[in-house]
Amino acid sequence: AGTISGTDTIATVNWNATYSGIATISVSAQNQICGSASSPSLSVNVLPYPATPATPSGSINLCVNPANTTYSIASVANATSYNWTLLPAGAGTLTPSGTSAVVDWNDTWTGVATINVSASNGSCASSASPILSVTVRALPVAPAQPTGAILLCQNAANSSYTVSPVANATSYEWAITPSTAATLSGTGTSVFADWNASYSGTATLHVRGLNNSCAGDWSTDLSIDILPIPSQAPLPTGSTDLCQDPASQTYTTSAASGATSYQWNIWPTTAGTITGTTTSAMVDWNSTFTGTAYIKVMGKNSSCDGSFSDSLAVVIRAYPLAPIKPAGDTLLCTNPANSTYTIPAVANATSYTWSLTPAGAGSISGTGTSATVNWDNAYTGSASIDVFASNGSCAGAISPARSVTILAVPNAPAVPAGTTTVCQDAADAQYTINKVTNATSYSWSISPTAAGTISGTDTIATVNWNAT
């Protein structure tokens with residue numbers, strides 16, 4: 001147990017460092033050589049020191065105003081009780097219960113607190129355990145509403161959204177609803193949204209600050225509209241073959257899925273102007289334009305454009321010039337042979353239309369620069385022939401008319417009346433006939449011509465007989 005020294009009423013025990021247990025101390029009195037009996041024994045209980053506890057275990061990362069937290073150690077040898085310590089005292093209230101203790105944290109306290117424990121055996125206490133550091137973190141402030149594009153077209157390019165930094169945040173958590181709308185990447189004050197190519201509708205984006213595992217309140221939601229892209233517009237319909245300087249024309253298309261308005265286009269732009277934002281549009285054609293124009297249309301959904309339709313080709317034909325007056329016979333007799341009339345070709349003409357007036361004069365045929373008249377056998381009088389050139393359905397002006405006169409053939413006169421027997425070298429003799437129908441003049445002749453000469457253009461003629 002140890003060694004004891006002393007020869008008076010006081011003795012000193014030098015305890016053995018490894019001894020524990022019950023020791024007894026007694027004393028006897030001496031008077032030179034006379035000694036008393038030993039005193040009754042004093043029992044001394046030498047208690048062992050408890051072992052030093054290990055570092056307490058329990059939550060070391062907490063958010064402000066956490067629930068009560070329990071910390072504990074394994075029991076140590078020779079301990080009959082344990083003394084727990086929480087610093088700083090303002091962090092909370094510690095309630096020990098043997099090898100465990102419960103901390104009721106101060107609602108507003110943040111910072112680093114320390115917890116340790118020592119073991120006791122009566123009045124014998126161990127060294128304090130190693131310190132357990134516990135961090136109580138402040139919650140981040142709720143961020144403002146994120147900023148960024150709020151109107152997009154389906155399958156838009158990646159979009160960036162941002163917030164200003166907030167107090168107590170070491171990182172940020174972003175979330176989008178529905179989650180199928182986009183994939184988010186970023187843990188700072190900005191995030192990229194990689195939009196799902198097939199998504200359209202309204203998505204909501206919000207963000208909150210994180211302080212390690214401590215999350216603040218979510219920001220106000222940012223609503224983002226993802227508009228569907230309209231389908232390709234159908235081919236426009238309308239007039240496709242027109243003459244130069246036509247009246248304004250309307251062109252239409254069937255509705256394109258997802259379209260709220262339409263954009264019309266005409267090429268070349270010199271062909272005219274096209275106006276309209278619905279499924280129909282009006283073209284005001286340029287009065288000088290000829291050739292082929294192309295009209296197309298696309299559906300729009302706000303700022304989201306669909307694909308243009310296929311182009312509708314519209315041909316604008318130039319009017320042919322008016323032909324000159326036809327060339328050909330102008331004076332004919334009843335029942336003449338067929339007559340041909342001609343004109344030079346005119347610019348822009350693809351065909352020609354001939355007409356004969358009156359219709360009773362005969363029939364005219366031909367679609368080129370010449371036409372043939374088959375005259376009515378019995379027709380007499382005046383007729384007119386004209387022609388106009390066409391370019392497809394576009395007819396030019398009518399030429400000046402060619403007047404043709406069809407004369408009736410006079411009846412044959414009767415045998416002339418007059419002297420039938422004369423002497424050689426006779427005096428001049430007159431011969432006469434009665435007037436005949438349709439005759440305007442008469443042509444007299446004598447045969448043989450050596451007999452003399454005959455003169456006259458009416459119903460009376462004079463013969464000057466040859467003297468020989």
Side-chain angles (χ1 to χ4, degrees), residues 147-161 176 178 180-184 192-205 222-319 348 350 391-394:
T147 59
I150 59 173
L151 185 62
L152 297 169
C153 301
Q154 187 176 348
N155 195 23
N158 292 358
S159 304
S160 175
Y161 296 88
I176 193 165
T180 54
T183 300
L184 301 180
F192 280 99
D194 182 3
W195 297 102
N196 186 328
S198 62
Y199 180 77
S200 63
T202 299
T204 56
L205 179 71
L222 178 69
S223 291
I224 304 167
D225 289 325
I226 311 297
L227 302 179
I229 294 175
S231 62
Q232 182 182 26
L235 179 72
T237 60
S239 298
T240 57
D241 197 335
L242 299 170
C243 302
Q244 185 178 353
D245 194 22
S248 296
Q249 300 290 314
T250 298
Y251 293 86
T252 60
T253 184
S254 300
S257 174
T260 57
S261 63
Y262 295 82
Q263 178 180 327
W264 291 83
N265 178 274
I266 189 169
W267 187 90
T269 55
T270 53
T273 56
I274 190 166
T275 54
T277 57
T278 65
T279 53
S280 66
M282 181 76 71
V283 177
D284 181 12
W285 296 101
N286 187 325
S287 61
T288 61
F289 178 78
T290 59
T292 301
Y294 299 91
I295 296 172
K296 60 184 179 180
V297 60
M298 72 173 174
K300 296 176 69 69
N301 186 3
S302 185
S303 59
C304 303
D305 296 343
S307 298
F308 268 109
S309 67
D310 293 333
S311 292
L312 178 70
V314 181
V315 177
I316 309 296
R317 301 179 185 275
Y319 283 103
N348 304 319
T350 57
N391 182 1
S393 60
C394 304

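- Scanning all heavy atoms of the two residues, the minimum distance from L184 to I176 falls at CD1-N, 3.8 Å.
- When all heavy atoms of P230 and C304 are compared, the pair lying nearest together is CD-O, 3.7 Å.
- For F192, the CZ atom counts as loosely surrounded, since its 6.0 Å shell holds 12 or fewer non-hydrogen atoms of other residues, nucleotides or ligands.
- Tested against I150, the residues D225, L205, L222 include a single side-chain contact (heavy atoms from CB on, under 4.5 Å) partner, L222.
- Between the side chains of T237 and T252, at least one donor N or O lies within less than 3.5 Å of an accepting N or O.
- Classified by interplanar angle (parallel below 30°, tilted 30° to 60°, perpendicular above 60°), the ring pair W267/Y294 is tilted.
- From N155, atom CG reaches atom OG of S200 across 11.5 Å, with rounding to the nearest 0.5 Å.
- In this structure, I295 CD1 and S239 OG are separated by 9.5 Å, a value rounded to the nearest 0.5 Å.
- Here the CG atom belonging to L242 is positioned 6.0 Å from the CH2 atom belonging to W285, to the nearest 0.5 angstrom.
- Considering every non-hydrogen atom in both T202 and S223, the closest pair reads CG2-CB, 4.4 Å.
- Between A182 and A193, the shortest heavy-atom distance links the atoms CB-CB, 4.2 Å.
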Handout entry: Evaluation steps, side chain to side chain contact (heavy atoms under 4.5 Å, CB included), between Y251 and V297
Key = CA-CA 10 Å; Y251 293 86; V297 60; over 6 Å; no
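- Contact detail for G392 and T350: the closest heavy-atom pair is N-OG1, 3.2 Å.
- Shown here for L235 and D310, the closest heavy-atom pair between the two residues is CD1-O, 3.2 Å.
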